[in-house]
Amino acid sequence: MNLVEKIISRHLVSGKCVAGEAIKIRIDQTLCQDATGTMAFLELEALGVDRVKTELSIQYIDHNTTQNGPENANDHLYLQSVCAAKGVLYSRPGNGICHQVHLERYGIPGKTLLGSDSHTPTGGGIGMLAIGAGGLDVALAMAGEPFALVCPAVVGIRLSGALRPWVAAKDVILKVLSIMGSTGNVNTAVEYFGPGVASLTVPERATITNMGAELGVTSSVFPSDEQTRAFLAAQGRADSWQPLAADADAVYARIIEIDLSELEPLAACPSNPANVKPVSECGMLPVSQVLVGSCTNSSLKDLRLVAAMLKGRTVHPAVSLGIAPGSRQVLQMLSQDGSLALLLQAGCRILESACGPCIGQGFSPASGTISVRTFNRNFLNRTGTKNDQCYLVSPETAAATALFGHLIDPRKAASQLGLTYPEWQMPEHFSVDDSMVLLPPPPGQAGEIIRKETIGEPPQARALPVDFNGEVLLQLGDKITTDHIMPAGVHLKYRSNIPRYAQVVFECFNQPGEETFAERALRVRGQGRSGIIVAAESYGQGSSREHAAICPQYLGVQAVIAFSIERIHAANLINFGILPLRFSQRQDYKLLTAGSRICIPELPGQLRRGPQLQATITSAAQPGKDITLLHDLSPEDVELVLKGGKLA
Ligand code: MIC
Ligand code: SF4
């Protein structure tokens, strides 16, 4: 067996561990972050659960920390009090980004982790089977329910050689993205193996598994070996270690060979993480902003390297350089070893240990200028600046760029500056201090759950009609991300207020002076028709935010028809009573422009009978045309979606 199969088999509750089979697995640990956590806990309360049933559940405060207005702090009060009541650990604001802290303090090789954040697979860097999901699925896992998924086909990535100086783990995953792309990888997992694995430290592995989210895979996993043991021992957690690896004769659906020693510095160019080019071929692009941080590249290793490169130098006058350490542990150690002083001396702007600019919370670049980031997503407008140009690179490339004021290959920068590659030594002991994580009191001893006025209600379910009569609200193209559907940035603070947040569904497609998407959807709903969204390939890429289903559902959307829908988003649609459908004939897509009508008679019977649905469309181009639509729902999903979702 390969490692993914081994971990799945040990956690299997139902189904067969065979690629493509519907399975359910036991979840050992859960994590939530605050932008998805408030809704997840409102849902957990709605489920009537007194106390969580996992080995460990933890809530992190890391996304909504700018606190413009009372909403963020109100969410934090609610979360702190509800975690105490339900038996959940609470990581206070300032303690760091969920994935970084979880890796340092709570991840355990061989365990399963379900997180209400798409970058949860960061935990694969330590040999966990870590999966991102919508908040309701995480709430159900906290309630002790197994997690349902399609058993993934496992792609093996065989690493050989070792990285050369100035080439980084980020370049490995950018290489993988250039090979596998960011679409078409649904129900796939990625497993790293081969002689090159041993040379990569846990933080480097975590950078690689983190951006498996951008491939759209279910999870990414590294073996648990001597590197893993050393990392856990340095975190004072040696007893959490166990060796784990694929069998020597393990079988993979596909094998990709990567010789680490042949890699070079790469960049993901605007505006998709899979739009990868060698940095040396990007040209001397002038840059206004460089940001180092996010759950991808904010480890001690990353930031010490940046400090060493900047030592005794000043950031280029055209550049604003922001650094967000991934955790309080990282920041403490940078301050203890003098790296923080080097960064300050160089003119860096030190941000708090949180997601910050990665989710559009400040640091939007100037219009028409280039931002270079060590983050994982460069979807259009995610920085908060319209038509932004964001490049994703390694910390090595970022620091070099900050010094030169234009995008530059760090090897070239090093030779011009006479820099030798800073050696990295894993500390024998990380600075361990868990005092910012609150442990829940024993059952019955927590105080009241605090609900300020901005804490809303969990979503209201709406059953699907027997005879489906819908209208297309919007016809979209390829790679529509959940950032397009539900913008974050300045709207992120409305996550616990569905009616308010729903006003900005598809805001980026609204035209000045015209009816907004939300107004159109509510008008159609008021006329008694179901709203329909039509899209092309890879609808719902990116984040796990279930609001990308909840808010459209609130506006009356009851179906999405696309060529393909990404895994987490498809599950979120079902969870909130929206039908995920596929075209059987690609040419039908063209007919379904906004305003077209679709009737699907006797929907429950058709859904239960099989994967094909007969529908009639009436569009400007073709009145009264019969078409066939497809669904991939299991019998259980059919019943759920008909009722209006899992809460119902
Ligand atoms: C993201 O990186 O887009 C987020 C913000 O972390 C999301 C979760 C969210 O929208 O709250 C994710 O990746 O799942
Ligand atoms: Fe936070 Fe960015 Fe990571 Fe999402 S991708 S968890 S916003 S740091």
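The residues of the chain are indexed from 1 along the displayed sequence. Counting starts at 1 for both ligands and their atoms, following the listed order.
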| remark: min-distance protein heavy atom vs atom 1 (Fe) of ligand 2 -> C355 SG, 2.3 Å
| query | Tell me: protein heavy atom nearest atom 1 (C) of ligand 1, and distance? | reply | R377 NH1, 3.2 Å
| request: Examine the proximity of ligand 2 to T296 and report which part, side chain or backbone, both or neither, has a heavy atom under 4.0 Å away. | output: neither
| field | Nearest-0.5 Å distance that lies between atom CD1 in I359 and atom NE2 in H63 | value | 6.0 Å
| Note: E71-R500 ion pair, threshold 4.0 Å (strictly below) | no
| Which of the ligand 1 atoms, numbered from 1, are nearer than 4.0 Å to a heavy atom of T36 | 9 (C), 11 (O)
| request: May I ask you to say whether K479 pairs ionically with E537, meaning some side-chain N is under 4.0 Å from a carboxylate O? | output: no
| said: Just verifying a value: how many Å separate D483 CG and I485 CD1, rounded to the nearest 0.5 Å? | reply: 9.5 Å
| Out of curiosity, S320 OG to L291 CG, how far, rounded to the nearest 0.5 Å? | 7.5 Å
| query | Distance from I97 atom CD1 to C295 atom SG, nearest 0.5 Å? | reply | 6.0 Å
| Quick one: CE on M180 to CG on N185, what's the gap to the nearest 0.5 Å? | 4.0 Å
| said: Can you tell me which portion of H63 lies within the under-4.0 Å heavy-atom range of ligand 1? Options are side chain, backbone, both, or neither. | reply: side chain
| said: Check this for me - ligand 1, R495, N or O atoms closer than 3.5 angstrom, yes or no? | reply: yes
| query | Between D483 and ligand 1, is there a nitrogen or oxygen pair with a distance under 3.5 Å? | reply | no
| note | for atom 7 (C) of ligand 1, nearest protein heavy atom and its distance come out as S543 CB, 3.2 Å
| remark: Here the atoms of ligand 2 under 4.0 Å from any heavy atom belonging to H119 are 5 (S)
| said: Show me which atoms of ligand 2 lie under 4.0 Å from any heavy atom of I359. | reply: 7 (S)
| request: Report the part of Q33 in contact with ligand 2, treating N, CA, C, O as backbone and CB onward as side chain, heavy atoms under 4.0 Å; options are side chain, backbone, both, neither. | output: neither
| said: Quick test of your reading of the model: are K646 and D137 salt-bridged, counting only N-O distances below 4.0 Å? | reply: yes
| said: Counting only heavy atoms not in Q332 (residues, nucleotides, ligands), do more than 12 fall under 6.0 Å from its CD? | reply: yes
| said: Under 6.0 Å between ring centres: does that hold for H547 and Y501? | reply: yes
| request: Compute the shortest N/O to N/O distance between R382 and ligand 1 and return yes if it is under 3.5 Å, no if not. | output: yes
| said: Rounded at 0.5 Å granularity, tell me how far OG in S81 sits from NZ in K86. | reply: 10.5 Å
| Numbering as shown, the atoms of ligand 2 that approach N376 to under 4.0 Å (heavy-atom distance) | 5 (S)
| field | atom 2 (Fe) of ligand 2 to nearest N/O/S of C358 less than 2.8 Å | value | yes
| Top protein contact for atom 13 (O) of ligand 1, by heavy-atom distance | S118 OG, 2.6 Å
| note | re atom 8 (C) of ligand 1, the protein heavy-atom contact at minimum distance is Q33 NE2, 3.1 Å
| H63 near atom 1 (Fe) of ligand 2: N/O/S under 2.8 Å | no
| request: Considering only NZ, NE, NH1 and NH2 on the basic side and carboxylate oxygens on the acidic side, decide whether R382 and D388 come within less than 4.0 Å. | output: no
| task | Identify, by atom number and element, the atoms of ligand 1 in contact range of A35, meaning under 4.0 Å from any of its heavy atoms. | result | 11 (O)
| said: With a 6.0 Å cut-off on the ring centroids, do H484 and F506 count as close? | reply: no
| field | Contact atoms of ligand 2, heavy-atom distance to H99 under 4.0 Å | value | 6 (S)
| said: With heavy-atom distances below 4.0 Å as the criterion, list the atoms of ligand 1 near S544. | reply: 12 (C), 14 (O)
| For ligand 2, is any non-hydrogen atom under 4.0 Å from D117's backbone (N, CA, C, O), its side chain (CB onward), both, or neither? | side chain
| remark: To atom 10 (O) of ligand 1, the nearest of R545, Q361, M486 on a heavy-atom basis is R545
| task | State the atoms of ligand 1, each with its element, that fall below the 4.0 Å cut-off from a heavy-atom position in D117. | result | 4 (C), 6 (O), 7 (C), 8 (C), 12 (C), 13 (O), 14 (O)
| remark: Partner of T120 under side chain to side chain contact (heavy atoms under 4.5 Å, CB included), picked from H99, Q33, Q29, is H99
| said: Suppose I only count heavy atoms of C295 and a 4.0 Å limit; which atoms of ligand 2 are within that range? | reply: 3 (Fe), 5 (S), 6 (S), 8 (S)
